Amino acid sequence: MKRFTFGLTIAAIAVMAATAFASKPQVVIGPGLASAPRTPYCQLFNRVLDSDTTYVLTGLYYVQPGYNITIQPGTLILGDKTTSGTLIITRGAQIFAQGTLHQPIVFTSSQAPGNRNPGDWGGIILLGSAPVNKVEPVIEGGLIGGDCTGTVGTYGGADANDNSGVVSYVRIEFAGYRFQLNNEINGLTFGGVGAGTQIDHVQVSYSFDDSYECFGGTVNMKYMVAFGGTDDDFDTDFGYTGHVQFGFGLKDPDIWDDTGESNGFESDNDGSSTSTDNPHTHPIYSNITLVGPERTNADVPFPIGSHIQYEAVLRRSTQTSIYNSVAMGFPWGVSLRDATTQGFANSNVLQIRNFSTQGTLNPVGSSSVHDHAAWSSIETWLNTAGWGNLNTGGTIRQPDTIKLNDMSNLNAPDPRPMSDSELATAGVDFTNPALAGFDVTTYRGAFPPVGQASLNSLWTAYWTNFDPQNTDYSMGITLTGVSGPSMKPSLGQNHPNPFNPQTAIDYTVGAHGTVKLEVFNARGELVRTLVNGEKDAGNYTAHFNADGMASGVYFYRLIGPGINEYKKMVLLK
């Protein structure tokens with residue numbers, strides 16, 4: 001009898017072990033892993049991607065006009081490197097990628113931890129029918145339509161409220177590729193996307209080009225993170241006129257664009273310094289925190305040969321306006337490159353107000369950290385009375401003068417201002433008509449001061465990830481974002497053991513998420529569910545009462561963020 005029981009126990013252990021270490025099933029979408037790079041695929045139906053499956057995105061995946069793709073919260077999509085997996089939402093199509101605070105949707109590299117690089121896959125492109133200042137432009141990236149219907153890469157139209165769907169609580173990691181010089185796919189690219197589209201709580205990390213680039217359109221964005229991109233954090237062109245509030249840009253000091261210059265803000269109306277094409281590029285930014293490679297005094301100077309340069313480069317007839325924000329950690333400050341752009345500044349169309357800057361070097365030919373060589377009046381203009389700008393004279397300042405709470409660790413930043421930081425004390429202004437409809441704050445930048453908010457209450461809490469290079473996705477998506485509490489998940493041995501009829505099971509939840517603790521008999525049959533629901537990170541104890549159950553060997557299994565583990569216990573009556 002003991003041998004028979006022992007055999008059943010071994011079989012049960014084998015079944016449980018196979019279950020515990022099995023990853024989610026993988027489904028390849030697009031033209032397939034054997035297809036040539038950038039092979040087009042046309043989605044001519046409505047599709048749902050389920051969170052119980054991991055998807056591998058291959059080729060140029062076009063969601064065709066009239067159709068949509070829905071992605072459930074907690075879904076993992078791996079961009080294939082060999083085929084340049086790219087998701088394109090064409091004009092007239094829609095995406096519904098609505099993640100949650102505790103179940104973000106993640107697009108990332110298909111490469112193993114430690115082997116991921118910017119440009120491992122293509123990225124995400126949204127195309128819409130909102131106004132742009134060019135006629136039927138084709139989006140960057142060398143898109144090939146193949147048999148897909150229509151002109152798959154064109155965008156723009158007359159519908160300012162065009163709706164391309166929802167992208168919310170979404171991470172995009174190691175995306176972007178260069179088709180040609182100055183013709184790249186970014187982490188998240190917008191072409192003529194309308195204000196009816198919902199874009200919020202998005203993190204683009206280690207993009208091979210800009211983190212975000214908007215070619216025209218009117219789409220508004222909120223709670224956006226740009227982390228470690230090779231080029232600009234926020235780039236706008238071709239008449240983009242949307243609003244962006246609460247953005248956090250963070251540069252990796254070892255990552256930049258070898259072929260150009262990497263900046264915080266960059267903006268053009270188009271490629272001409274005398275452009276008169278309408279609508280003019282005129283985004284409105286408020287409550288942005290941009291941190292360059294020099295996060296702290298200890299990071300000065302940044303690496304030799306780096307192409308990371310200005311906090312803001314505004315040029316080629318742009319009317320970009322920035323309010324209630326801070327840019328620091330870059331070597332240089334603000335550059336208004338040409339006479340037309342400077343004219344918009346002098347006529348009060350291009351505005352910079354309540355903006356704190358900090359730089360550690362003077363550009364060549366300049367007597368301040370700002371681009372005095374391009375415009376000798378820039379310091380005077382920034383210093384206009386009543387505008388509330390700080391460091392308008394372009395004096396060299398060290399990063400710690402801004403007093404962000406703790407930026408020493410690139411992978412665990414705390415960008416809250418200290419209580420005596422100028423971001424908390426210098427004041428803001430939301431009475432400007434340009435800021436109608438914006439949330440009103442008392443602080444500059446994207447985050448409230450230390451005394452007003454805990455790490456866990458920041459809008460970056462839980463869903464973001466500032467160490468995507470080392471994240472193991474084999475067990476799904478684990479919440480590791482800045483501000484989110486992090487603990488090592490574990491399952492303890494029940495106590496007492498053997499037991500009759502009650503015992504306790506200690507376990508640790510590593511991060512907020514869905515947790516299930518179940519008990520099985522020796523035949524692998526479920527006999528009791530002790531826990532099934534969402535839990536925050538922390539230590540817990542579950543109690544199991546086996547009254548009415550037969551003596552014998554039982555197993556209990558914990559499934560949760562970063563853990564799928566079982567243990568054996570003995571009921572002895």
Side-chain angles (χ1 to χ4, degrees), residues 29-31 35-41 56-63 69 77-91 93 95 97 107-111 116-128 132 137-146 148 151-156 164 167 170-193 199 202-217 219 224 226-238 240 255-260 262 266:
I29 60 174
S35 62
R38 298 189 300 120
T39 297
Y41 172 85
V56 181
L57 175 67
T58 62
L60 300 180
Y61 188 107
Y62 294 98
V63 181
I69 185 168
I77 301 99
L78 306 177
D80 181 58
K81 183 173 184 177
T82 303
T83 63
S84 304
T86 305
L87 178 61
I88 305 109
I89 310 302
T90 62
R91 183 170 53 184
I95 180 173
F107 291 82
T108 193
S109 169
S110 61
Q111 303 301 295
R116 298 164 182 156
N117 290 290
D120 273 349
W121 61 288
I124 301 176
I125 299 173
L126 272 63
L127 305 176
V132 301
V138 177
I139 202 68
E140 291 185 351
L143 301 187
I144 301 169
C148 298
T151 48
V152 294
T154 57
Y155 59 94
S164 294
V167 179
V170 172
R171 300 203 305 253
I172 303 168
E173 302 167 352
F174 302 102
Y177 72 74
R178 175 168 290 140
F179 173 65
Q180 294 173 338
L181 185 62
N182 298 319
N183 189 352
E184 304 96 350
I185 291 179
N186 308 283
L188 181 54
T189 304
F190 302 92
V193 177
I199 306 293
V202 180
Q203 180 182 22
V204 174
S205 300
Y206 290 100
S207 171
F208 187 81
D209 201 45
D210 304 322
S211 294
Y212 305 96
E213 185 161 15
C214 299
F215 295 90
V219 64
M224 311 295 285
F227 176 46
T230 63
D231 202 358
D232 311 314
D233 294 332
F234 298 93
D235 195 351
T236 55
D237 320 85
F238 285 12
Y240 172 66
I255 302 291
W256 61 80
D257 185 355
D258 286 329
T259 64
S262 304
E266 188 171 286

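From a predicted model like this one, the values you see are computed outputs, not experimental measurements. Start at 1 with the first residue, then count along the sequence.
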Are any non-hydrogen side-chain atoms of [X] and [Y] less than 4.5 angstrom apart?
| X | Y | answer |
| --- | --- | --- |
| S84 | L60 | no |
| T108 | L78 | yes |
| Y155 | F238 | yes |
| N186 | D235 | no |
| I124 | F107 | yes |
| L57 | L87 | yes |

Which atoms form the tightest heavy-atom contact between [X] and [Y], and what is the distance?
| X | Y | answer |
| --- | --- | --- |
| T189 | I185 | OG1-C, 4.3 Å |
| S211 | D233 | CB-O, 3.5 Å |
| S109 | F174 | CB-CB, 4.0 Å |
| C148 | P40 | SG-CB, 4.4 Å |
| Q111 | R116 | O-NE, 3.0 Å |
| I199 | M224 | CG2-CE, 3.6 Å |

State the [atom1]-[atom2] distance between [X] and [Y], to the nearest 0.5 angstrom.
| X | Y | atom1 | atom2 | result |
| --- | --- | --- | --- | --- |
| S262 | W256 | OG | CH2 | 9.0 Å |
| I77 | S110 | CD1 | OG | 13.0 Å |
| T230 | I255 | OG1 | CD1 | 8.0 Å |

Any salt bridge (Lys or Arg N to Asp or Glu O under 4.0 Å) involving residues 80-90? Give me the pairs, sequence neighbours left out, ordered by first then second residue. K81-D120

When you look at L188 and D210, which way does the side chain to side chain contact (heavy atoms under 4.5 Å, CB included) test go after all the steps? CA-CA 8 Å; L188 181 54; D210 304 322; over 6 Å; no

Passes side-chain hydrogen bond (donor to acceptor under 3.5 Å, both in side chains), R91 versus T154? Steps please. CA-CA 7 Å; R91 183 170 53 184; T154 57; 3.1 Å; yes

Side-chain donor/acceptor of S207 to backbone N/O of G187, under 3.5 Å: yes

Has D231 got a side-chain atom pairing as donor or acceptor with D209's backbone, closer than 3.5 angstrom? no

For E213 and T236, what are the C-alpha separation, side-chain angles and deciding distance, and is it a side chain to side chain contact (heavy atoms under 4.5 Å, CB included)? CA-CA 6 Å; E213 185 161 15; T236 55; over 6 Å; no

Pick one: which of I139, V138, L127 meets side chain to side chain contact (heavy atoms under 4.5 Å, CB included) with F215? I139

In terms of relative ring orientation, are Y212 and F234 parallel, tilted or perpendicular, with 30° and 60° separating the classes? parallel

Verify whether one side chain among R38 and T83 offers a donor that lies under 3.5 Å from an acceptor in the other. no

Between Y206 and F227, does the ring-ring contact (aromatic ring centres under 6.0 Å, His included) criterion hold? Intermediate values first, please. CA-CA 6 Å; Y206 290 100; F227 176 46; 5.1 Å; yes

